[in-house]
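Residue numbers run from 1 in the order of the sequence given.
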Amino acid sequence: CMAPAFAPRLSTPGLPPSDAHPHLWIWVVGAVFLVGIVIAGLVITTSAPTLTLALRPENTDLRPGDTLVWQQILTTSKATDIGSSVELVDAQTGNSILQQHDAFTATRRETTSKTLIIPADIKPGRYALRTTLQADAAQVMRSFVVTVLPPVVGTSLSTCANGVRDSDEA
């Protein structure tokens, strides 16, 4: 039905007149909604990744010159470049004994075997091995305690076949 020519135009402030294209507002609302989804998607994909880290040492009772071995299990929310720092810290004083830095690209889940040679001149005691991983603005740090036992009397690194006493060598 068509409205008679003499009928008044009905309009509400803020809304289009009743004779405007009725689907225009649906298109406008849909376009605004789509733009919002695109912006939200960009914010989510450009945000810093989520990092989860677990450390699993093979042995935490070692002697000077032994090789500390542990598994590093990293999970990320997306593939990303990672900066890695491993530090051996004296648990009593908080002093750093040694540091190693590394960089790598991680996929969503990485399990890596890591090693660190306990310095031959280290004093017996408790130490913390602290691993810090950083990607963009995300950072995660984990640690575990290592006990360095006194060296075995009568042995030296020079008696080892490779110059590094492994955990299975007395």
Q: Between atom OG1 of Thr147 and atom CG of Leu62, what is the distance when rounded to the nearest 0.5 Å?
A: 8.5 Å
Q: So do the side chains of Leu74 and Thr112 get within less than 4.5 Å of each other, counting heavy atoms only?
A: no
Q: Looking only at non-hydrogen atoms, find the nearest pair between Arg63 and Val152 and report the distance.
A: NE-CG2, 3.4 Å
Q: To the nearest 0.5 Å, tell me how far Tyr127 OH sits from Thr93 OG1.
A: 8.0 Å
Q: In sequence, state the C-alpha distance, the side-chain angles, and the governing distance for Ser96 and Glu87, and then conclude on side-chain hydrogen bond (donor to acceptor under 3.5 Å, both in side chains).
A: CA-CA 7 Å; Ser96 178; Glu87 185 176 22; 2.8 Å; yes
Q: Could you tell me if the side chain of Thr80 sits less than 4.5 Å from the side chain of Asp136, heavy atoms only?
A: yes
Q: Thr107: which residues meet the side-chain contact (heavy atoms from CB on, under 4.5 Å) condition with it, sequence neighbours left out?
A: Glu110
Q: Mind checking the CD-CG spacing from Gln100 to Leu129? Nearest 0.5 Å is all I need.
A: 8.5 Å
Q: Heavy atoms, side chains only, cut-off 4.5 Å: are Pro124 and Leu149 in contact?
A: no
Q: Using modelled atom types and a 3.5 Å cut-off, is there a donor and acceptor pairing between side-chain atoms of Arg126 and backbone atoms of Ala91?
A: no
Q: Hey, quick one: are Leu68 and Val89 part of the same hydrophobic cluster, counting side-chain heavy atoms closer than 4.5 Å, chains of contacts allowed?
A: no
Q: Please enumerate all residues that pass salt bridge (charged side-chain N to carboxylate O under 4.0 Å, His left out) together with Asp102, with sequence neighbours excluded.
A: Lys114
Q: Is Ile122 reachable from Val69 through a run of hydrophobic residues whose side-chain heavy atoms are each under 4.5 Å from the next?
A: no
Q: Can you check whether Arg130's main-chain N or O pairs, donor with acceptor, with Ser143's side chain at less than 3.5 Å?
A: no
Q: Is the shortest side-chain heavy-atom distance between Pro119 and Leu88 below 4.5 Å?
A: yes
Q: With a 4.5 Å cut-off on side-chain heavy-atom distances among I, L, V, M, F, W and Y, is there a chain of contacts connecting Val145 to Val86?
A: no
Q: Does a side-chain heavy-atom distance below 4.5 Å link Leu116 with Trp70?
A: yes
Q: Determine the minimum heavy-atom distance between Ala120 and Pro64, stating which atoms define it.
A: O-CB, 3.4 Å
Q: Taking only residues two or more places apart in sequence or in another chain, which ones pass side-chain contact (heavy atoms from CB on, under 4.5 Å) with Gln71?
A: Arg56, Glu58, Ile73, Thr111, Ser113
Q: From Gln72 CD over to Leu55 CG, what is the distance, rounded to the nearest 0.5 angstrom?
A: 6.0 Å
Q: According to a 4.5 Å side-chain heavy-atom criterion applied to Ile, Leu, Val, Met, Phe, Trp and Tyr, with indirect links allowed, do Ile97 and Val148 form part of one hydrophobic cluster?
A: yes
Q: Which atom names give the shortest non-hydrogen contact between Ala138 and Pro49, and what distance separates them?
A: CB-O, 2.9 Å
Q: Measuring from atom CG of Asp66 to atom CG of Asn59, what distance do you get when rounded to the nearest 0.5 angstrom?
A: 8.0 Å
Q: Measuring from atom CE of Met141 to atom OG1 of Thr132, what distance do you get when rounded to the nearest 0.5 angstrom?
A: 5.0 Å
